[in-house]
Amino acid sequence: MSWFSPLDLASWPTTVESAMALQDELRPLVTPVTPPGTRFRTMAGLDSAYDDTGAVATAVVVLAAGTLRPVASAVAHGVADFPYVPGLLAFREIPATLAALEKLVSAPDLLVCDGQGIAHPRRFGLACHLGLLTGVPTIGVAKTVWGDYAEPGPQRGAATDITIGGAVVGRALRTRTGVKPVFVSVGHRIDLDTACAQVLALTPRYRLPETTRHADHLCRAALRTATGNYSGSTP
DNA sequence: GCGACAG
DNA sequence: ATCTTGTCGC
């Protein structure tokens with residue numbers, strides 16, 4: 001038995017209107033607070049890769065908090081039916097992402113998403129949606145920002161608020177000295193300070209979290225082998 | 001009307 | 001996201 005409820009594809013939005021409506025409906029359920037006693041012993045990175053035919057490969061790689069070494073991973077293949085629409089990335093990536101997560105025998109303690117949490121036009125980015133669907137703490141770590149922010153100091157660890165319409169929705173966090181910051185925002189069941197601390201723990205070497213890097217490499221490799229199997233083998 | 005717009 | 005060469009730096 002899985003550690004979370006499977007996605008109900010029958011009621012999954014297929015139009016921009018219904019997708020936005022669902023975000024507005026679910027937004028109130030987000031809990032930007034870390035439950036007492038929460039321990040992050042394992043953290044998982046998630047990422048998807050696409051090809052020109054619409055094929056998608058999503059990977060999840062679970063790392064041990066102490067060593068930052070992979071302890072589990074899974075891949076799921078599918079077809080991207082929802083187009084990429086700014087603000088609606090979740091509807092394009094969640095189906096395959098949940099399929100990959102379902103293959104894990106146990107729940108990670110934290111899901112590190114490639115995208116936004118509440119630093120989103122409707123305060124409900126991919127990380128929020130995935131958090132609600134899995135019940136697991138989630139954070140969004142984006143490479144580009146959605147909102148306003150002042151450039152943080154040059155040192156690793158320096159951070160400034162990200163605001164949208166005056167409200168603080170996340171933090172521009174410098175993970176490597178002298179390198180462009182990453183944009184962290186809460187997804188669900190975690191607070192911003194804890195989220196940033198986790199991101200720093202996951203970036204001892206590179207700008208992006210080790211979780212994201214592992215997942216990125218795995219989903220790209222998976223997509224390549226899938227494409228290769230489809231067009232160029234055993235005739 | 002014009003520009004901006006996670007991946 | 002993806003398409004792509006060289007190049008600067010540790």
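All values reported here derive from a predicted model rather than from experimental measurement. To find a chain, count down the sequence lines: A is the first, B the second, and so on, and within it residues start at 1.
Rounded to whole angstrom, the span from the CD atom of A:Gln23 across to the C1' atom of B:dA6 amounts to 11 Å. Residue A:His120 contributes atom NE2, which lies 12 Å from atom P of B:dG7 at whole-angstrom precision. In this entry the distance linking CG of A:Leu89 with P of B:dG7 reads 8 Å, nearest Å. Separating the CZ atom of A:Arg122 from the P atom of B:dA6 is a distance of 12 Å, rounded to the nearest angstrom. For A:Phe82 and B:dG7, the CZ to P distance is 17 Å, given to the nearest whole Å. Rounding to whole angstrom units, OH of residue A:Tyr206 and C1' of C:dC10 are separated by 11 Å. Summarising the geometry, the separation between CH2 on A:Trp146 and P on B:dC5 is reported as 9 Å, rounded to the nearest angstrom. Atom pair A:Arg176:CZ and C:dC10:P shows a separation of 13 Å (rounding to whole Å applied).
Between A:Lys180 and A:Glu151 there is no salt bridge, since none of the side-chain N atoms of the basic residue sits less than 4.0 Å from a carboxylate O of the acidic one. Look at A:Asp81 and A:Arg92 and you find no salt bridge, because none of the NZ, NE, NH1 or NH2 atoms lies under 4.0 Å from a carboxylate O.
Annotation for A:Arg122: atom CZ counts as buried by contact number, over 12 foreign heavy atoms lying within 6.0 Å.
A side-chain donor-acceptor contact under 3.5 Å links A:Asp191 and A:Thr34. Counted by atom type alone, A:Asp161 and A:Thr163 present zero donor-acceptor pairs between their side chains at under 3.5 Å.
For the pair A:Arg213 and A:Tyr206, the distance from NZ or CZ to the six-membered ring centre is under 6.0 Å and the angle to the ring normal is within 45 degrees.
Contact check of residues 162-175 of chain A against DNA chain B (heavy atom, cut-off under 4.0 Å) returns no residues at all.
A ring-centre distance under 6.0 Å is found for A:Phe91 and A:Trp12. Taking the six-membered ring for Trp and the full ring otherwise, the centers of A:Tyr149 and A:Phe183 sit less than 6.0 Å from each other.
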Contact list (N/O, under 3.5 angstrom) for nucleotides 1-4 of chain C vs protein:
| from | atom 1 | to | atom 2 | distance (Å) |
| --- | --- | --- | --- | --- |
| C:dA1 | OP2 | A:Lys143 | NZ | 3.2 |

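Between the side chain of A:Thr58 and the backbone N or O of A:Ala76, no donor-acceptor pair lies under 3.5 Å.
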